[in-house]
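I have placed the structure first, in the form of structure tokens, so that the comments after it can refer back to it.
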Amino acid sequence: MKDVGQLTAKEAEEELERLATEIAEHDARYHGEDAPIISDAEYDALRQRNKVIEDRFPELIRKDTPSDAVGSTVQSKFEKITHVVPMLSLDNAFTDEDVSDFVERVKRFLRWPETDVLAFTTEPKIDGLSLALRYEHGKLVSAATRGDGAVGENVTANAKTISDIPHELTGDSVPDVVEVRGEVYLGKADFLALNERMEAEGKPLYVNPRNTAAGSLRQLDSAITASRPLKFFAYAWGDVSALPSNSQFAMVELFKTWGFSINPLMGRFENTAALIERYRLIEQQRSSLDYDIDGVVYKVDDLALQSRLGFVSRSPRWAIAHKFPAELATTKLLDIEIQIGRTGALSPVARMEPVTVGGVVVSNATLHNEDYIAGIGSKGEAIRDGKDLRVGDTVTIYRAGDVIPKVMDVDTSKRDANSRPFVFPEICPACGSPAIREKNEKTNKVDSVRRCTGGFICPAQAVEGLKHFVSRNAYDIDGFGEKQAEAFYEWGMVMNPADIFTLQERDARSLTRLENRDGFGKTSTKKLFDAIEERRSIDLPRFIFALGIRHVGEGNAKLFARHYQTMEAFLAAMDESAGFEGDAWSELINIDGIGETAARAAVAFFADPQRRGVVDALLENVTPVPVEQATSDSPVAGKVVVFTGALEKMTRDEAKAMAERLGAKVAGSVSGKTDLLVAGPGAGSKLKKATSLGVETIDEDGWFDLVGPL
Ligand code: IVH
């Protein structure tokens with residue numbers, strides 16, 4: 001990247017535009033979806049660069065500059081609360097020099113005499129989300145998130161489930177009205193325990209404690225919030241009827257007497273050197289704390305001085321956040337192991353000498369695929385300057401708040417002279433079948449993933465497939481989890497999903513009865529068999545999802561089930577689509593929401609004789625329950641409907657849901673099978689095609705006339 005000092009005005013302008021878009025996107029991911037894709041350090045670096053460019057080219061500052069934005073825009077699912085005192089953000093310091101500049105700036109502003117001392121508090125910057133708690137006459141009346149700084153979300157019911165948040169304030173000098181602010185967070189240990197539970201249940205893992213805390217607080221169902229052990233540190237205030245103290249430090253100590261938790265590492269120091277010394281100390285303790293922190297906040301202690309200092313744009317002049325650099329660790333790559341997934345993907349995993357990063361001991365990292373190991377990125381670009389990774393290498397890893405750490409760099413100077421590039425297996429280590437990189441039919445690009453072609457003969461694929469079959473959102477059989485899937489496979493008792501349903505019958509004739517095996521007994525065996533019996537009938541969407549078809553997750557399984565309604569109809573459609581052409585095929589790829597990749601994968605799955613054999617065997621033992629035929633008296637029941645153009649009275653999703661509720665099938669494009677086209681303003685090619693095919697066409701009002709109001 002070019003030094004800001006060397007940018008021309010034109011380049012600067014372009015970069016500011018790019019940064020504004022990029023930062024806005026990251027903001028939306030972070031605040032709106034609680035799912036960031038870059039680390040905080042990377043995000044800060046973007047904002048920092050934006051600011052440095054703006055400082056050099058103030059005339060180029062954009063109207064939508066990210067420097068003015070505090071946080072997210074408010075989401076609509078909660079009621080809004082307008083903050084009486086806006087919730088602002090803090091300016092950042094990244095170096096010791098930035099800190100002394102800050103102290104000097106404050107002193108200059110106050111015309112502080114050289115010889116007088118000026119005290120600052122030091123507090124860890126908790127990596128959670130801020131919350132404003134309003135108390136009137138000591139009683140909690142509302143809790144609001146920061147939102148965009150001016151307007152936040154009303155999360156009172158959820159906040160009340162957090163045990164660190166008193167419903168009533170105790171002690172003396174509680175003002176009539178006081179808004180206590182602080183940070184909601186999830187402890188590291190609680191986060192890990194939660195993820196362990198998710199993993200055991202086969203559910204996707206949470207990314208980091210902060211996003212989990214944010215997601216937990218913004219639940220519409222308070223019972224979910226209550227089930228997460230959220231915590232709260234009080235460190236600031238907003239609207240107050242009368243300030244009961246004149247120092248930052250004393251205020252926070254008062255919070256404690258009122259019943260709040262305050263951070264034990266808060267301190268008070270009188271010069272820059274002491275602030276920085278404190279920063280280093282807290283940085284050292286960082287990994288042993290049970291909560292994530294991302295820096296140290298310095299605040300002018302004297303509240304009268306704070307109010308003299310006031311604010312610049314969106315941050316107080318009297319405080320700054322001294323951020324920690326991203327957490328890195330150096331360790332040794334001991335081995336590269338290949339794991340085989342349910343669909344045969346060979347995934348390389350780094351086994352490393354255990355090392356602490358971000359407070360967590362890590363010994364594994366994902367290596368994605370063979371190109372990644374070779375130093376080639378997903379677009380063919382060089383990564384790590386094209387350096388490959390070898391067993392025995394010294395590597396730098398980082399955890400940007402993620403669960404699974406990543407390998408950032410390799411120190412080739414420490415590389416053993418005898419080391420050789422890693423040779424990625426071209427035969428499956430589990431079954432010896434060729435492992436190949438498929439070519440994407442559409443893009444003609446070679447897939448980055450190498451896959452075992454062994455299918456059912458591959459024990460690794462078979463076991464992973466079984467684990468998927470019984471997982472939480474699939475068959476979910478009590479007493480039959482990942483461990484049992486492995487054991488039953490090893491004992492030769494359950495080689496594929498269909499075997500589960502003949503297990504009891506075979507066990508009755510077996511010499512070694514299950515109840516006599518390790519880990520089983522009479523009661524647990526009976527319970528297991530009962531649970532299996534209960535699953536002899538199962539909803540069609542679950543059944544389809546459980547099959548483990550590539551690219552068919554829960555969403556697509558539901559779409560298939562809703563469209564075809566019975567397993568028989570689905571199977572018939574798959575068979576008729578076998579050549580990827582004809583009416584059945586075009587109906588299939590016209591299902592709204594189903595992409596061609598998933599459609600192809602499904603057809604190929606049922607065309608594979610081995611997999612089909614298992615499906616047929618399964619169907620002899622279980623009954624997938626058809627999807628309810630929706631209200632049959634609706635005029636659109638059983639009809640294939642397409643929506644096109646702009647809809648004004650409902651969103652596209654609502655339209656779709658409504659049509660499906662009324663028993664219609666919603667397709668994405670017009671074909672000979674389409675019964676009805678609902679066309680809004682701006683309808684184009686679909687309208688033309690419908691007209692040429694003689695398909696009945698109505699507008700949005702016509703739709704409501706037809707089906708009646710919601
Ligand atoms: S003081 C006017 N103190 O950092 C500024 N903030 O970037 C009031 N934070 O929104 C904030 N720990 O979510 C303050 N000890 C601390 C903090 C802290 C974490 C967060 C808070 C705030 C953000 C500002």
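Order of appearance sets the numbers: ligands from 1, and atoms from 1 within every ligand. Residues take their numbers from the sequence shown, with the count starting at 1. Computed from a predicted model, the values in this text were never measured in an experiment.
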Tell me the nearest of D91, V296, D294, L90 to atom 5 (C) of ligand 1, using heavy-atom distances.
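Answer by nearest heavy atom: L90.
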
Any idea which protein heavy atom is nearest [atom], and the distance to it?
{"atom": "atom 10 (O) of ligand 1", "value": "R146 NH1, 3.3 Å"}
{"atom": "atom 21 (C) of ligand 1", "value": "Y235 OH, 2.9 Å"}
{"atom": "atom 23 (C) of ligand 1", "value": "K125 NZ, 4.0 Å"}
{"atom": "atom 15 (N) of ligand 1", "value": "E123 OE1, 2.8 Å"}

Taking NZ, NE, NH1 and NH2 as the nitrogens, is one of them in [X] or [Y] under 4.0 Å from a carboxylate oxygen of the other?
{"X": "E104", "Y": "R108", "result": "no"}
{"X": "K125", "Y": "E123", "result": "no"}
{"X": "K10", "Y": "E13", "result": "no"}
{"X": "R228", "Y": "D190", "result": "no"}

Between [X] and ligand 1, which residue portion shows a heavy-atom distance shorter than 4.0 Å: side chain, backbone, both, or neither?
{"X": "P124", "result": "backbone"}
{"X": "P316", "result": "side chain"}
{"X": "K299", "result": "side chain"}

Are F260 and F233 an aromatic pair, judged by ring center distance below 6.0 Å?
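Distance test on ring centres: not under 6.0 Å, no.
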
Taking the six-membered ring for Trp and the full ring for Phe, Tyr or His, determine whether the centres of Y185 and Y291 are under 6.0 Å apart.
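Yes, they do, as the ring centres are separated by less than 6.0 Å.
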
Does ligand 1 come near enough to I126 that some N or O of the ligand is less than 3.5 Å from an N or O of the residue?
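The answer is yes, given that I126 and ligand 1 share an N or O pair closer than 3.5 Å.
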
Can you check whether E183 has an N/O within less than 3.5 Å of an N/O in ligand 1?
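Right, the criterion is met.
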
Would you verify whether the NZ or CZ of R210 falls within 45 degrees of the ring axis of F191 while also being under 6.0 Å from that six-membered ring's centre?
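Checked: cation-pi criterion not met.
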
